[in-house]
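Notes follow once the structure below has been shown.
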2 protein chains.
Amino acid sequence: MKKARTTITDIARELNISPSTVSRALNNHPAISKKTRDAVIELAKTLNYQPNLLALNLLRKRTNTIGIIVPEITSSFFSSVINGIQDLLSPLGVNMMISQSNESMEEEKSILRSFASIRVDGFLISPSSETKNFDHLKILTDNNIPLVIFDRDCEGLEVDKVFVDEYSGAFQAVEYLVKTGCRRIAHIAGPLSLSTARHRLKAYKDALALHHVPVKEEYIVESSGFTPEHGIKPTQKLLALPSPPDAVFAINDGVAIGAMYVIKKAGLVIPDEISVVGFDDDPHSCYFSPSLSTVWQPTYELGMLSARILMKRINSNNDLSDIRVEELYPELIVRGSSK
Amino acid sequence: MKKARTTITDIARELNISPSTVSRALNNHPAISKKTRDAVIELAKTLNYQPNLLALNLLRKRTNTIGIIVPEITSSFFSSVINGIQDLLSPLGVNMMISQSNESMEEEKSILRSFASIRVDGFLISPSSETKNFDHLKILTDNNIPLVIFDRDCEGLEVDKVFVDEYSGAFQAVEYLVKTGCRRIAHIAGPLSLSTARHRLKAYKDALALHHVPVKEEYIVESSGFTPEHGIKPTQKLLALPSPPDAVFAINDGVAIGAMYVIKKAGLVIPDEISVVGFDDDPHSCYFSPSLSTVWQPTYELGMLSARILMKRINSNNDLSDIRVEELYPELIVRGSSK
DNA sequence: CTGTTAGCGCGTTCAC
DNA sequence: GTGAACGCGCTAACAG
């Protein structure tokens with residue numbers, strides 16, 4: 001049989017005092033006698049009293065919990081962002097509910113509904129790659145529920161947003177490849193439904209154009225995901241070209257690792273015959289041989305900043321007069337997989 | 001200004017009916033006229049009514065939320081376990097609160113307290129490496145709050161537990177190294193405060209003993225963590241030995257990757273001069289050169305099973321008559337880093 | 001210093 | 001078919 005958790009009423013009954021007195025004693029209310037306070041606190045400890053936040057939250061209309069929805073938790077990118085979020089929230093006593101949409105808009109909506117019912121104080125969302133319609137997010141703002149979008153954009157939705165300047169990162173990478181003498185630079189793009197993938201593709205084209213390197217469509221292939229497996233086929237396709245590339249700029253490190261694998265299998269030498277550059281600076285990347293050149297993103301800061309903005313929004317009663325769009329800066333890291 | 005979320009009272013007032021009627025209409029109570037039901041449902045939709053689960057949970061004494069505490073979320077091991085957990089809970093409509101202890105017992109306790117106050121229905125915990133005293137976990141069982149321990153043991157604590165048979169996995173790995181001709185087999189152990197690390201170390205010694213290979217203390221070094229960085233120094237120490245090892249069995253893939261890095265830098269050829277075997281089957285492992293031999297663990301199943309047991313416990317009113325200790329089986333995967 | 005009352009939002013009696 | 005009253009656990013306002 002389940003014995004009920006102890007409540008202030010329990011300890012009030014035991015001590016023959018009123019629940020409010022117990023409440024006051026427990027909350028260090030000034031007007032309370034030392035004796036009763038001590039008695040209450042001691043009994044609370046022996047009975048292992050834990051305040052029921054459900055009741056308190058119902059009263060306060062605030063849960064001190066924020067909801068986080070990410071496409072996936074497994075990637076080093078998002079788990080590092082979550083680290084940043086937790087390190088900001090923890091000292092503030094704010095809890096996180098985390099859920100993954102698995103890149104599905106339906107799951108995203110369902111998680112959203114569930115979190116909203118739980119009355120989280122606000123949302124931190126990086127939309128799924130399927131999410132092209134933002135009605136469900138719009139509902140949040142319509143109901144005055146604070147929301148911060150991070151990493152992936154929802155174009156047209158007017159809320160706080162925190163991004164990494166993908167364009168700059170990709171531009172740095174491609175420009176660097178050009179400057180090291182590469183002329184047949186290929187790009188393995190990510191799913192183009194993602195704003196991040198589109199920005200990187202655009203930067204790729206712009207950087208080539210700026211340096212008068214012709215953009216060839218056959219050098220642009222799209223991967224359907226972010227793991228090494230997703231890099232295999234696109235790379236095979238590139239190597240099979242009549243004039244194969246002398247450099248590959250991949251959407252992320254995962255795909256780049258798959259690309260390196262195929263390239264080495266084909267007997268080509270990296271970086272002598274072909275350079276490879278990734279994106280994200282996955283913690284493993286520097287241990288590959290050759291070590292992977294990449295674009296580092298301030299993931300931890302991204303999490304921290306997003307959480308900080310959300311908390312500010314929550315504490316300011318969600319005054320929407322000053323929507324913030326912040327941009328963080330990535331940095332090219334040159335390692336062994338490029339000249 | 002924050003406009004309050006709509007409640008059943010709001011829509012009752014609007015329709016000139018009582019809140020109970022609204023409640024019934026929303027919950028498909030049979031005894032309700034179709035007209036009022038339709039009216040209620042429509043107004044609820046336009047007003048974007050979301051039931052307040054705080055109130056409901058307070059009433060039901062159940063939150064449909066479970067608390068998960070892991071040492072870190074960044075590792076492929078734990079994030080894959082979390083995947084398994086979510087895939088079991090999601091279809092059941094159960095939410096997860098996730099938090100990381102960062103291998104600190106103090107953080108673990110504080111998270112625990114916070115989750116308990118939120119009244120999660122149960123806990124899924126993999127204790128921090130610092131956690132040697134289990135009083136805080138004991139309190140949960142004393143208060144009849146369901147708890148399942150997974151991956152890392154809390155010896156002496158009588159609750160449901162789900163493990164991987166580490167001993168078997170490590171034994172397979174070491175025995176295989178012996179059989180492929182290695183005689184100077186080193187082990188980079190993990191923090192020995194961890195049951196998992198101790199089991200693997202014991203299996204290492206037992207496997208050597210069984211095959212009459214002498215166990216030498218200088219071949220056993222302890223790493224303080226699980227990333228490639230943590231593998232660097234221990235490996236340097238091993239290579240500096242008068243008679244360096246011809247095989248390294250590392251506590252996990254992260255450390256093994258660091259070891260491979262040092263070994264290759266030293267000009268040694270893997271696996272001809274020295275074999276390397278890891279543990280965990282990190283998704284990146286097969287893309288290294290040489291690809292890393294490792295011990296695969298059923299992480300996803302570990303998560304699923306732990307969650308399933310917890311849910312059963314919760315739904316059975318936490319009847320503690322039949323504590324379960326389950327063990328899942330790991331599997332050696334031979335790749336290029338060993339003969 | 002302490003007790004009483006009320007209400008947060010909801011579902012569930014028990015009436016009518 | 002529907003409404004009124006009650007209580008989940010807690011704090012704040014109002015009395016004493």
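Convention: sequence-line order gives letters A, B, ...; per-chain numbering from 1.
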Verdict with reasoning, B:D160 to B:R324, per salt bridge (charged side-chain N to carboxylate O under 4.0 Å, His left out): CA-CA 5 Å; B:D160 293 316; B:R324 290 173 64 176; 5.8 Å; no
From CA spacing to verdict: salt bridge (charged side-chain N to carboxylate O under 4.0 Å, His left out), A:D322, A:K312: CA-CA 12 Å; A:D322 59 331; A:K312 202 168 166 192; 5.9 Å; no
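The residue B:T7 sits close only to the backbone: its heavy atoms come under 4.0 Å of sugar-phosphate atoms, none of a base. Residue B:S20 is in base contact, counting any heavy-atom pair closer than 4.0 Å across all strands shown. Among the heavy atoms of the strands lying under 4.0 Å from A:I8 is at least one base atom, whether or not backbone atoms are also near. Counting any heavy atom pair closer than 4.0 Å across all strands shown, A:I17 reaches sugar-phosphate atoms only and no base atom. Residue A:L59 is in base contact, counting any heavy-atom pair closer than 4.0 Å across all strands shown. When heavy atoms are screened at a 4.0 angstrom cut-off, B:L56 is found touching the sugar-phosphate backbone but no base atom. Using a 4.0 Å heavy-atom cutoff across all strands shown, A:N27 reaches sugar-phosphate atoms only and no base atom.
Not a single donor-acceptor contact under 3.5 angstrom links the side-chain atoms of A:R5 to the base of D:dG9.
Each of B:R24 and B:P51 was assigned the nucleotide of DNA chain C with the nearest heavy atom; the assignment lying further toward the 5' end belongs to B:P51. Nucleotides of DNA chain D nearest to B:R37 and B:R119 differ in position, and the one nearer the 5' end is that of B:R37. Between A:A55 and A:N16, the residue anchored nearer the 5' end of DNA chain C, judged by the nucleotide with its closest heavy atom, is A:N16. Each of B:S18 and A:L58 was assigned the nucleotide of DNA chain D with the nearest heavy atom; the assignment lying further toward the 5' end belongs to B:S18.
Checking each of A:E106, A:E108, A:E103 against A:T131 for a side-chain hydrogen bond (donor to acceptor under 3.5 Å, both in side chains) leaves exactly one that passes, namely A:E108.
Nearest heavy atoms, B:S99 versus A:Q86: OG-NE2, 3.3 Å.
Going from atom CG of B:N52 over to atom P of C:dG7 covers 18 Å, rounded to whole Å. Between the CD1 atom of B:I11 and the P atom of C:dC10 there is a distance of 10 Å, given to the nearest Å. Atom CG of A:L15 and atom P of C:dC1 are 17 Å apart (whole Å). Distance, A:R62 CZ to D:dT11 P: 16 Å, rounded to whole Å. Computed from coordinates, the B:L26 CG to C:dG9 P distance equals 15 Å when rounded to whole Å. Between A:L54 atom CG and D:dG7 atom C1' the separation is 14 Å, expressed in whole Å. Spacing between atom CG of B:D10 and atom C1' of C:dG9 amounts to 10 Å, rounded to whole angstrom units. Spacing between atom CD of B:Q50 and atom P of C:dG9 amounts to 15 Å, rounded to whole angstrom units.
Between B:K61 and the phosphate of D:dG9, there is a side-chain N or O to OP1/OP2 separation shorter than 4.0 Å. Close to C:dG9, at under 4.0 Å from its OP1 or OP2, lies no side-chain N or O of B:S23. Side-chain N/O atoms of B:T21 include none lying less than 4.0 angstrom from OP1 or OP2 on D:dT2. Within the 4.0 Å cut-off from OP1 or OP2 of D:dT2, at least one side-chain nitrogen or oxygen of B:S33 is found. At the phosphate of D:dG9, neither OP1 nor OP2 sits under 4.0 Å from any side-chain N or O atom of A:T9.
You'll find that the side chain of A:R60 is closest to D:dT11, out of C:dC10, D:dT11, D:dA4.
For A:E327, the CD atom is densely surrounded, since the number of other residues' heavy atoms within 6.0 Å is greater than 12.
Atom CD1 of B:I111 sits about 7.5 Å away from atom CG of B:N102, to the nearest 0.5 Å.
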